[in-house]
*Asks:* 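Take a look at this one; I'll ask things after.
In listed order, ligands and their atoms are each counted from 1.
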Amino acid sequence: MLKTVFLFFLILDPTISTPREESVDEKFSSAILPESYHLPNSYTSTETDSTKQRRPVISKGLLEDLRLAQYDFSEENQREEDEEEEEEFDDFFGDIGRKKLNALPTPENMISQERFSCVSCEAPDCDEEDICENAVVCYTAHVRDVDGEEMKSKGCSPTHSHALLTCSTERYDGRHVQKKHGISAQYAVDCCQGSMCNNATDWPALPDVPTVEKEPVPVSTEQNSHIIKLLLAVICPVAILGLLVTVILVVMRYRHRKRMAELNAVDLDYQDEMVGLRAQAAGDSTLREIFDHSMTSGSGSGLPFLVQRTLAKQVGLRECIGKGRYGEVWRGIWHGESIAVKIFFSRDEASWIRETEIYSTTLLRHENILGYIGSDCTSRNSCTQLWLVTHYHPLGSLYDHLNRTALTKMETIKILISCITGLVHLHTEIFGTQGKPAIAHRDIKSKNILVRADGSCVIADFGLAVTHTQATGETNIPQNPRVGTKRYMSPEILDMSMNMQLFESFRRVDVYAFALVMWETTRRCMTHEGVEEYALPYYEMVLPDPGFEDMRKVVCIDGFRPQVPQRWEDDPVLAGLARLMKECWHENSNVRLPALRIKKSLIKIACLEPKLGVMVQE
Ligand code: C9U
């Protein structure tokens with residue numbers, strides 16, 4: 001049954017192709033396209049048949065064709081599908097088609113394989129009649145093409161399959177095609193069997209053009225939904241991603257601006273007399289003039305606030321002279337003079353804030369504290385740049401210096417006394433309205449001490465510093481994820497027994513670290529017995545960049561301290577230094593000497609040698 005329906009589809013749906021078995025079928029199939037509908041040319045023949053009798057269109061061949069079309073369907077299946085197909089059939093053909101299908105050949109009306117002559121004439125007007133031979137059936141066809149043009153033709157159906165296709169539908173109104181494409185052809189065919197039976201036949205009446213609404217084409221609907229799905233699958237993630245990126249950028253920009261405003265506010269807090277400040281035309285002044293002014297301008301130890309604001313714009317960075325966890329240190333040029341610029345990683349913003357606060361402390365300026373010029377916080381390529389600008393010391397850090405050169409006793413004493421003088425100044429609170437709080441450094445080490453051209457030293461890096469004011473009893477420990485350098489950590493930090501409430505504890509931590517700096521420096525002090533190579537404290541006991549636990553084991557559990565060579569004991573100055581450093585790195589922080597005591601002891605040691613004593617007195 002399905003095969004039968006397929007045959008109808010061949011006629012009705014131009015999108016279904018016909019089998020390519022016979023050339024006649026091929027020709028025929030093209031002829032049945034509704035959009036260019038015309039029946040095949042008649043088979044012309046010279047032989048005429050006077051029989052004009054019209055007989056039922058039934059033949060053995062037709063019956064066989066139909067059987068072939070149905071052969072693989074059981075009766076049961078057929079019954080099941082009948083109802084369904086009837087509905088489809090109604091849709092396509094209505095009453096006209098049904099009538100014809102019901103009239104298909106049965107064994108009862110089977111007729112012999114007789115051949116006929118038929119009248120043959122061509123579309124559109126059938127004006128020149130001829131005769132064709134050997135027809136299974138004769139037909140009279142009336143066709144209206146998609147443009148509404150009517151065409152009339154007569155002819156022979158040469159084969160059974162041709163006859164079946166030609167005659168199986170008497171009337172076709174193209175409803176199905178009209179529905180799909182909004183345009184259709186119509187045809188009406190009368191078939192007859194008998195010699196010249198289509199002579200003088202009337203033109204069968206054409207069905208009206210169906211008035212059906214164009215149905216939305218399901219294929220394109222499906223395609224549309226595919227396209228929509230595809231677009232959704234592509235556009236949605238891209239749009240969401242774009243939106244997310246935009247939101248993140250906006251939030252980052254907002255936070256960046258907010259942060260910049262906060263950082264600027266930090267600066268402002270430490271510029272107490274902003275209003276009275278004169279904006280300086282820095283180009284007109286030398287560094288010294290600017291500093292002289294800054295000492296009286298109320299802007300702490302650095303430049304007047306308004307000059308600091310534009311520092312980053314005025315400084316030309318020349319070479320990177322240091323890199324570390326904090327960020328980078330550059331030598332820069334400012335008003336023709338070398339300056340040092342510490343550029344903090346934005347993750348170490350807390351250190352920049354703290355260092356700016358400490359340097360902005362009134363009375364911090366001291367010959368053994370790194371000279372502060374100013375801080376600037378700028379935005380470059382949407383990145384916060386935190387600058388701290390100080391004096392530049394060409395000899396670099398004490399660590400660099402000791403690595404580079406061995407020292408005379410004079411140089412050694414000068415380094416140690418200048419360092420401890422800086423530490424005394426830091427640790428000492430100066431009372432009064434123009435005073436300063438006590439400050440503990442918390443990261444004393446040879447890399448944080450710079451060597452001036454005259455061989456004396458300055459202390460740098462106040463990012464971890466804590467302050468204490470006796471009057472209020474307040475110890476200001478800023479929030480900072482950074483900790484001191486593990487190698488220089490005192491036993492009480494390593495075993496976590498340190499009393500953080502007591503400011504004195506922080507001073508003692510500095511003293512322990514200073515003792516290690518003394519050891520590093522004394523190793524490089526030449527005597528007639530020679531000199532040791534530069535070495536970091538505990539170099540024999542821990543690997544480079546030791547962990548907290550490594551240091552705890554060495555310093556607290558094993559109780560090791562840097563080794564004091566025999567050479568030192570043989571020299572009164574070095575022996576004195578060795579005794580002093582041992583007191584300063586004592587396990588018990590209470591017995592460590594205060595900075596001022598250390599300074600006095602160092603002076604005493606210096607006086608052991610007349611030349612050194614003169615230097616100290618100066
Ligand atoms: C890397 C440690 N550090 C050095 C300086 C600073 N940190 C610093 C601290 N706070 C604010 C600004 C800077 C610093 N360094 C100098 N001078 C200097 C000169 C030469 C070197 C290093 C430092 N060399 C290092 C080894 N290679 C040759 C050059 N002046 C002031 C501060």
*Asks:* So which heavy atom in the protein is nearest atom 25 (C) of ligand 1, and how far is it from that ligand atom?
*Replies:*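 It is Ile321 O, 3.3 Å.
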*Asks:* Quick test of your reading of the model: are Glu520 and Lys445 salt-bridged, counting only N-O distances below 4.0 Å?
*Replies:*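 Result for this pair is no, no salt bridge flagged.
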*Asks:* Could you tell me the residue and atom name of the protein heavy atom closest to atom 2 (C) of ligand 1, and the distance to it rounded to 0.1 Å?
*Replies:*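 Nearest protein contact, heavy atoms only, for atom 2 (C) of ligand 1 is Lys447 O, 3.9 Å.
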*Asks:* Starting from atom 1 (C) of ligand 1, locate the nearest protein heavy atom and write down its residue, its atom name and how far away it is, to 0.1 Å.
*Replies:*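 Of every protein heavy atom, Tyr326 OH, 3.2 Å lies nearest to atom 1 (C) of ligand 1.
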*Asks:* Would you sort out whether Glu367 and Arg452 count as a salt bridge (Lys or Arg N to Asp or Glu O under 4.0 Å), showing the intermediate values?
*Replies:* CA-CA 10 Å; Glu367 63 173 338; Arg452 295 206 308 203; 3.7 Å; yes
*Asks:* Measure the spacing between CZ of Arg347 and CZ of Arg482 and express it to the nearest 0.5 Å.
*Replies:*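 The CZ atom of Arg347 sits 11.5 Å away from the CZ atom of Arg482.
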*Asks:* What protein heavy atom sits nearest atom 4 (C) of ligand 1, and how far off is it?
*Replies:*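 Nearest neighbour among protein heavy atoms for atom 4 (C) of ligand 1, to 0.1 Å: Leu450 CD2, 3.6 Å.
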*Asks:* Measure the NZ-OG1 distance between Lys342 and Thr390 for me, rounded to the nearest 0.5 Å.
*Replies:*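 OG1 of Thr390 is found 9.0 Å from NZ of Lys342.
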*Asks:* Using a distance threshold of 4.0 Å (strictly less than), state whether atom 7 (N) of ligand 1 has a protein heavy-atom neighbour.
*Replies:*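 Yes; the ligand atom in question has protein heavy-atom contact below 4.0 Å.
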*Asks:* Of all the non-hydrogen atoms in the protein, which one sits nearest to atom 3 (N) of ligand 1, and at what distance?
*Replies:*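 Answer for atom 3 (N) of ligand 1: Val329 CG2, 3.9 Å.
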*Asks:* Of the backbone atoms (N, CA, C, O) and the side-chain heavy atoms from C-beta on, which set of Leu370 has a member under 4.0 Å from an atom of ligand 1: side chain, backbone, both, or neither?
*Replies:*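 Answer for Leu370: side chain.
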*Asks:* For atom 12 (C) of ligand 1, what is the closest protein heavy atom, and at what distance to 0.1 Å?
*Replies:*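 Heavy-atom neighbour on the protein nearest atom 12 (C) of ligand 1: Thr390 OG1, 3.2 Å.
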*Asks:* Could you tell me if any non-hydrogen atom of Asp461 lies under 4.0 Å from any atom of ligand 1?
*Replies:*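 No.
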*Asks:* How far does CZ of Arg561 sit from CE of Met581, to the nearest 0.5 angstrom?
*Replies:*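 Here the rounded value is 13.5 Å.
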*Asks:* Report the nearest protein non-hydrogen atom to atom 31 (C) of ligand 1: residue, atom name, distance rounded to 0.1 Å.
*Replies:*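 Looking only at protein heavy atoms, the one closest to atom 31 (C) of ligand 1 is His391 O, 3.2 Å.
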*Asks:* Any sub-3.5 Å donor-acceptor pair from Asp510's side-chain atoms to Arg442's backbone N or O?
*Replies:*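 Indeed, once roles are kept as given, a pair shorter than 3.5 Å links the two residues.
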*Asks:* Just by modelled atom types, is the Asp454 backbone N or O under 3.5 Å from a matching donor or acceptor in the Lys414 side chain?
*Replies:*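 A pair under 3.5 Å: yes.
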*Asks:* Just say parallel, tilted or perpendicular for the rings of Tyr372 and Tyr359, cut-offs at 30° and 60°.
*Replies:*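 The arrangement is parallel - the two ring planes meet at less than 30°.
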*Asks:* Here's a test for you: under side-chain hydrogen bond (donor to acceptor under 3.5 Å, both in side chains), which of Asp571, Thr527, Thr522 qualifies with Lys409?
*Replies:*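 Checked Asp571, Thr527, Thr522 against Lys409; only one passes side-chain hydrogen bond (donor to acceptor under 3.5 Å, both in side chains): Asp571.
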*Asks:* For atom 19 (C) of ligand 1, grab the closest protein heavy atom and report residue, atom and distance to one decimal in Å.
*Replies:*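 Checked against all protein heavy atoms, atom 19 (C) of ligand 1 sits closest to His393 O, 3.2 Å.
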*Asks:* With heavy atoms of Pro394 as the reference, note each atom of ligand 1 found under 4.0 Å away.
*Replies:*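 Near Pro394, meaning under 4.0 Å from one of its heavy atoms, ligand 1 has 19 (C), 20 (C).
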*Asks:* Fit a plane to each ring of Tyr399 and Tyr534, take the angle between them on a 0 to 90° scale, and name the class: parallel (under 30°), tilted (30 to 60°) or perpendicular (over 60°).
*Replies:*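 Taking Tyr534 first and then Tyr399, their aromatic rings stand perpendicular (interplane angle over 60°).
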*Asks:* Check ligand 1 against Leu388 and write out every atom of the ligand that is under 4.0 Å from a heavy-atom position of the residue.
*Replies:*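 With Leu388 as reference, the close atoms of ligand 1 come out as 11 (C).
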*Asks:* I need the atoms of ligand 1 closer than 4.0 Å to a non-hydrogen atom of Ala340, numbered in the order shown.
*Replies:*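 So the answer, numbered in order with elements, is 13 (C), 30 (N), 31 (C), 32 (C).
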*Asks:* Quick check on atom 28 (C) of ligand 1 - does any protein heavy atom sit closer than 4.0 Å to it?
*Replies:*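 Protein heavy atom within 4.0 Å of atom 28 (C) of ligand 1: absent.
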